Amino acid sequence: MTTIHLANVQKSYGDHAPVIRRVNLDIAQHEFCVFLGPSGCGKSTLLRMIAGLEDLSEGELRIGGRLVNDVPAAERGVAMVFQSYALFPHMTVFDNMAFGLKLAKQPRDVIDRKVREAARILQLDALLERYPKALSGGQRQRVAIGRAIVREPGVFLFDEPLSNLDAALRGQTRVEIARLHQRFENASVVYVTHDQVEAMTLADRIVLLHAGADAERFGSIAQSGAPLELYHHPKSRFVAGFIGSPRMNFIDAVVDSIDAGSVTVSLAQSGERLVAHVDGRRLQPAQPVTLGVRPEHLRLDGLHGLHGKEQSIQCATVLSERLGEHSYIHADHAGGTLIAKAPGDSPLGSGERIRVHVPPSACHLFDADGIALRRSALEPERVAA
């Protein structure tokens with residue numbers, strides 16, 4: 001059953017170019033869907049359109065099969081949690097959580113039961129008589145989530161709910177939101193964030209929105225799918241560069257030769273030759289392309305038991321970021337910088353000459369328009385930290 005259906009949805013302000021462009025999307029019952037993208041890509045606007053806080057310029061929006069283009073926000077059966085908490089400062093935690101139920105004229109005993117049950121789930125039992133000013137940021141956000149829970153909506157909408165929290169609280173609250181989603185079997189979640197960790201760990205599906213200088217794509221869906229689908233099989237250079245931290249390494253190259261299931265390229269600056277296991281049937285020799293490879297898929301000469309020049313490039317280390325469990329080695333290659341993941345006890349310092357091995361199955365190729373070529377190999381091996 002589809003809970004939310006968007007058909008050719010667009011949003012424009014006045015005569016300006018659309019900020020949401022031709023969005024077609026189905027969000028299923030109990031699905032956790034994350035709208036992801038850089039600041040200004042329109043993800044919060046799209047969420048507010050679902051909530052009824054923004055009007056559609058074009059297209060149709062259905063919730064539970066009902067056309068809701070002209071239905072007021074209060075009658076859509078959705079509950080929204082804002083980035084700024086939006087709590088009433090003169091009300092206690094109990095009254096803030098009960099506010100929507102009181103407006104709906106629910107019986108007092110029903111209000112009391114629902115509020116106390118939500119407070120128990122969110123570990124707010126001891127705070128029901130406090131006012132927002134006496135709460136921490138994480139507690140305030142849990143109150144805002146509790147206010148949404150008591151309404152028992154069919155759709156929960158979260159607009160960057162963790163952005164005001166410190167790193168430890170973000171991790172803790174993220175786990176709480178995931179547990180809440182499991183608890184409410186029939187409710188769908190639409191969640192907006194620019195944080196990849198939140199998107200990758202929470203989402204059943206990520207909807208990545210375009211942004212940047214390309215006006216024809218701005219505000220449209222760049223790719224939609226399971227988190228690991230976007231990670232391992234990006235459809236464009238934009239998706240590949242946005243998903244993953246540190247970001248994918250990109251190197252300008254030129255096609256040398258094309259074989260069944262593989263393409264040999266020469267790196268534009270150094271002339272070194274590498275093989276990529278991709279389907280190159282729509283390429284031509286001498287065609288410019290971009291080679292992409294993720295930091296964790298690069299192998300450092302010696303550290304990963306590899307030696308020699310085959311399928312490798314020469315680099316000079318610039319910086320080693322030691323993070324305990326693993327390190328990120330920043331290396332200069334023909335005037336550009338590559339990042340490789342290495343064991344946490346890596347002995348590499350700055351200024352060392354190293355060879356970086358590039359597994360053919362780990363390579364991505366993108367044409368001049370930034371469109372990915374289909375990969376023809378199995379998933380690349382993971383580098384042990």
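As the structure is a computational prediction, the values presented were derived from the model and not from experiment.
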Is there a side-chain contact between [X] and [Y] (heavy atoms, below 4.5 Å)?
X      : Y      : result
Leu338 : Ile313 : yes
Leu122 : Ile149 : yes
Arg183 : Ile121 : yes
Phe238 : Leu208 : yes
Leu6   : Leu46  : yes
Leu230 : Met200 : no
Glu272 : Val265 : no
Leu128 : Val115 : yes

Give me the atom names and distance for the closest heavy-atom approach of [X] to [Y].
X      : Y      : result
Leu165 : Gly138 : CD2-N, 3.6 Å
Ile258 : Gly280 : CG2-O, 3.6 Å
Pro227 : Ala203 : CG-O, 3.5 Å
Leu209 : Cys41  : CB-SG, 3.8 Å

What class does the angle between the rings of His364 and Phe366 fall in, given that below 30° is parallel, 30 to 60° is tilted and above 60° is perpendicular? parallel

Pair [X]-[Y], side-chain donor/acceptor within less than 3.5 Å:
X      : Y      : result
Thr193 : Glu198 : yes
Ser312 : Arg355 : yes
His194 : Glu160 : yes
Arg205 : Ser224 : yes
Ser163 : Gln83  : yes
Thr92  : Arg130 : no

Full working for salt bridge (charged side-chain N to carboxylate O under 4.0 Å, His left out) between Asp279 and Arg374: CA-CA 6 Å; Asp279 183 350; Arg374 186 170 62 86; 3.0 Å; yes

What pairs meet the salt bridge (Lys or Arg N to Asp or Glu O under 4.0 Å) rule with one or both residues in residues 50-62, with sequence neighbours excluded?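 For residues 50-62: Lys11-Glu54, Arg48-Glu54, Glu60-Arg62.
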
When Tyr191 is tested against each of Phe158, Phe156, Phe35 for ring pair (Phe, Tyr, Trp, His ring centres under 6.0 Å), which residue passes?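 Testing Tyr191 for a ring pair (Phe, Tyr, Trp, His ring centres under 6.0 Å) against Phe158, Phe156, Phe35 leaves exactly one candidate, Phe158.
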
Please confirm whether the backbone N or O of [Y] pairs with a side-chain atom of [X], one donor and one acceptor, at under 3.5 Å?
X      : Y      : result
Ser57  : Ser12  : yes
Asn24  : Asn8   : yes
Ser350 : Thr317 : no
Asn96  : Phe88  : yes
Gln141 : Tyr85  : no
Asp367 : Gly370 : yes
Arg294 : Ala340 : no
Asp159 : Phe82  : no
Asn69  : Gly59  : yes
His5   : Arg66  : no

Between [X] and [Y] (salt bridge meaning N to carboxylate O under 4.0 Å), is one present in this structure?
X      : Y      : answer
Asp256 : Arg273 : yes
Lys114 : Glu117 : no
Arg108 : Asp112 : no

Would Thr173 and Arg142 satisfy side chain to side chain donor-acceptor pair (under 3.5 Å), going step by step from the backbone distance to the final call? CA-CA 8 Å; Thr173 310; Arg142 278 187 282 154; 5.9 Å; no

Can Val358 and Val275 be said to form a side chain to side chain contact (heavy atoms under 4.5 Å, CB included), step by step? CA-CA 9 Å; Val358 187; Val275 175; over 6 Å; no

Verdict with supporting geometry, Ile177 and Leu162, side chain to side chain contact (heavy atoms under 4.5 Å, CB included): CA-CA 10 Å; Ile177 291 173; Leu162 309 185; 4.1 Å; yes

Whether over 12 other heavy atoms sit under 6.0 Å from Gln123 CD: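 Counting other residues, nucleotides and ligands, CD of Gln123 stays at 12 neighbours or fewer.
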
Would one find more than 12 heavy atoms of other residues, nucleotides or ligands at under 6.0 Å from atom CZ of Arg322? yes

Mind running side chain to side chain contact (heavy atoms under 4.5 Å, CB included) on Asp95 and Lys102 for me, showing each step along the way? CA-CA 9 Å; Asp95 289 335; Lys102 290 179 179 178; 3.2 Å; yes

When rounded to the nearest 0.5 angstrom, what distance separates [atom1] in [X] from [atom2] in [Y]?
X      : Y      : atom1 : atom2 : answer
His210 : Gln223 : NE2   : CD    : 9.5 Å
Cys315 : Arg353 : SG    : CZ    : 8.0 Å
Gln311 : Arg299 : CD    : CZ    : 12.0 Å
Glu321 : Ser346 : CD    : OG    : 12.5 Å
Leu56  : Ile20  : CG    : CD1   : 10.0 Å
Leu169 : Gln139 : CG    : CD    : 9.0 Å

Report yes or no: do [X] and [Y] belong to one cluster of Ile/Leu/Val/Met/Phe/Trp/Tyr joined by side chain heavy-atom distances under 4.5 Å?
X      : Y      : result
Val263 : Leu267 : yes
Leu103 : Met91  : yes
Val318 : Val356 : no
Met248 : Leu373 : no

Ring center gap for His326 and Tyr328 short of 6.0 angstrom: yes

Take Gln269 and His333 through the test side chain to side chain donor-acceptor pair (under 3.5 Å) and record every step on the way to the result. CA-CA 9 Å; Gln269 297 301 319; His333 173 259; over 6 Å; no

Steps toward side chain to side chain contact (heavy atoms under 4.5 Å, CB included) verdict (Leu348, Ile354): CA-CA 9 Å; Leu348 292 173; Ile354 59 171; 3.9 Å; yes

Phe250 six-ring centre to Arg237 NZ/CZ under 6.0 Å and within 45° of normal: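 Yes, Arg237 and Phe250 form such a contact.
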
